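Read through the structure below, which is laid out as structure tokens, and then see the notes.
Basis for what follows: all heavy atoms, side chains included, without hydrogens, waters or symmetry-related copies. Just so we're clear, the structure is a prediction, and the values are computed from it rather than from any experiment.
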Amino acid sequence: MTKEPNRRRTAAALAAAVTVAGAAVLAGAPAAQAAVVDVHYACETKIGAKSAVSPVDIKAVKNGGAYTITMSFEKGVSDSPIELPKGVMTPRAELVLGGDAEGTVKVKGTPNTAAIPPDTPIRIGTLTGTYTPTKNGKVTFTAGKLTVHALGMDAAVCLPKNNPKPSLDLQVTGLSGGSGSETPPPTGEQEPPAELPRTGPLDSAMALGTLGGTVLLTGAAGVLWLTRRTAR
């Protein structure tokens, strides 16, 4: 007789534990999923066409109502026939948005902190930008055009030619309004009249004066009419 209640209590405890564990898994689900994607860049440079494959990593960190986006390259995508002195090379790139968003996000790197020897792959490093969502939903980030600005000119312009997959899936939540558009007025709300009704003492006096003038004009018209009748 005592075993059955114990079994019921054990089963109930196991069910509760499974429920709590499931809730913990859901609560811990990541808002962003990043993957390192190999991007095959085809570059047009001042010394001819170049190509290279670089693993690209894109991450997002929430910062208020926006996200700080970082794009990292594990390998260089081009080189220079001459040495690039310190501080003369700055990379920038465009990330293509997908999913529930469209357009691009621009990211930019910092100037090179050391000289780059000739015929050496140019290390791109980490590029940073800001993404401000306008509605909730899933947003994907895919590597787009990469530009290497060096010696006062765009020394290399690179485009992905292998149709890379998104490097980041970002789940945007918590935005009010959703679309970012202006909030429409509540139903039944009307535009204010061009001129509000006048109800002050001065306005009442003006109204009475107008009424008195109307009565005076009416009386004068009656007198004229009676005078004309008498003259006949």
Side-chain angles (χ1 to χ4, degrees), residues 30-81 84 87-113 116 120-173 175 178-181:
Q33 296 181 352
V36 178
V37 176
D38 287 338
V39 180
H40 191 171
Y41 283 103
C43 304
E44 293 295 329
T45 74
K46 301 302 180 182
I47 58 173
K50 299 283 185 177
S51 64
V53 177
S54 178
V56 172
D57 185 18
I58 301 175
K59 290 185 171 63
V61 177
K62 190 171 178 58
N63 184 11
Y67 292 84
T68 298
I69 306 297
T70 57
M71 180 184 190
S72 302
F73 294 80
E74 294 187 8
K75 294 181 180 180
V77 297
S78 183
D79 54 20
S80 173
L84 297 179
V88 302
M89 187 279 295
T90 303
R92 64 182 187 271
E94 294 180 355
L95 306 181
V96 181
L97 301 178
D100 294 322
E102 57 183 10
T104 59
V105 172
K106 295 182 179 181
V107 291
K108 187 176 181 180
T110 57
N112 55 308
T113 58
I116 302 174
T120 301
I122 299 174
R123 300 288 297 181
I124 302 299
T126 300
L127 284 64
T128 306
T130 301
Y131 170 62
T132 304
T134 58
K135 62 180 179 180
N136 297 319
K138 179 182 176 182
V139 182
T140 62
F141 296 76
T142 305
K145 181 172 71 173
L146 169 68
T147 302
V148 178
H149 189 83
L151 300 174
M153 60 182 175
D154 289 342
V157 178
C158 308
L159 295 174
K161 67 176 187 179
N162 63 328
N163 193 24
K165 296 180 180 180
S167 298
L168 175 66
D169 292 343
L170 177 65
Q171 190 66 41
V172 178
T173 60
L175 293 182
S179 64
S181 59

**Request:** Output the distance between atom CG (L159) and atom CD (E44), rounded to the nearest 0.5 Å.
**Result:** 8.5 Å

**Request:** Would you check if the side chain of D57 reaches a backbone N or O of S167 as a donor-acceptor pair within less than 3.5 Å?
**Result:** no

**Prompt:** Taking all non-hydrogen atoms of both residues, which atom of I69 and which atom of A60 are closest, and how far apart?
**Reply:** CD1-CB, 3.6 Å

**Message:** Working to the nearest 0.5 angstrom, can you tell me the gap between M89 CE and T110 OG1?
**Reply:** 8.0 Å

**Asked** With sequence neighbours left out, what residues match K50 under salt bridge (charged side-chain N to carboxylate O under 4.0 Å, His left out)?
**Response** D79

**Message:** Show, in sequence, the C-alpha distance, side-chain angles and deciding distance for Y131 and L97, and conclude whether the side chain to side chain contact (heavy atoms under 4.5 Å, CB included) test is met.
**Reply:** CA-CA 10 Å; Y131 170 62; L97 301 178; 3.7 Å; yes

**Prompt:** Can you check whether V139's main-chain N or O pairs, donor with acceptor, with D100's side chain at less than 3.5 Å?
**Reply:** no

**Prompt:** So how far is it from N162 CG to H40 NE2, rounded to the nearest 0.5 Å?
**Reply:** 7.0 Å

**Item:** Working for side chain to side chain contact (heavy atoms under 4.5 Å, CB included), residues I124 and V148
**Value:** CA-CA 8 Å; I124 302 299; V148 178; 4.0 Å; yes

**Message:** Going by salt bridge (charged side-chain N to carboxylate O under 4.0 Å, His left out), name the pairs with one or both residues in residues 142-157, residues two or more places apart or in two chains.
**Reply:** R92-D154

**Item:** Considering all heavy atoms, the nearest P160-A143 contact
**Value:** CG-O, 3.5 Å

**Fill in**
Tightest non-hydrogen contact, residues T142 and P166, listed as OG1-CA, 3.3 Å

**Request:** Could you grab the distance from atom CG of L95 to atom CE of M71, nearest 0.5 Å is fine?
**Result:** 5.5 Å

**Whether D169 side chain and T140 backbone form a donor-acceptor pair below 3.5 Å** = no

**Fill in**
When rounded to the nearest 0.5 Å, the distance separating CG of L84 from CD1 of I116 is 5.0 Å

**Request:** Report yes if some heavy atom in the side chain of S54 is under 4.5 Å from a heavy atom in the side chain of V39; otherwise report no.
**Result:** no

**Message:** Nearest 0.5 Å, please: how far is NZ in K106 from OG1 in T128?
**Reply:** 16.0 Å

**Asked** Using the ring of each side chain (for Trp, its six-membered ring), is Y41 parallel, tilted or perpendicular to F73, with breaks at 30° and 60°?
**Response** tilted

**Item:** T90 side chain near K108 side chain, heavy-atom distance below 4.5 Å
**Value:** yes

**Message:** In the structure I gave you, are the side-chain heavy atoms of P133 and L175 within less than 4.5 Å of one another anywhere?
**Reply:** yes

**Message:** Under a 3.5 Å distance rule, please check whether N63 uses its side chain to pair with a backbone N or O of T68 as donor and acceptor.
**Reply:** no

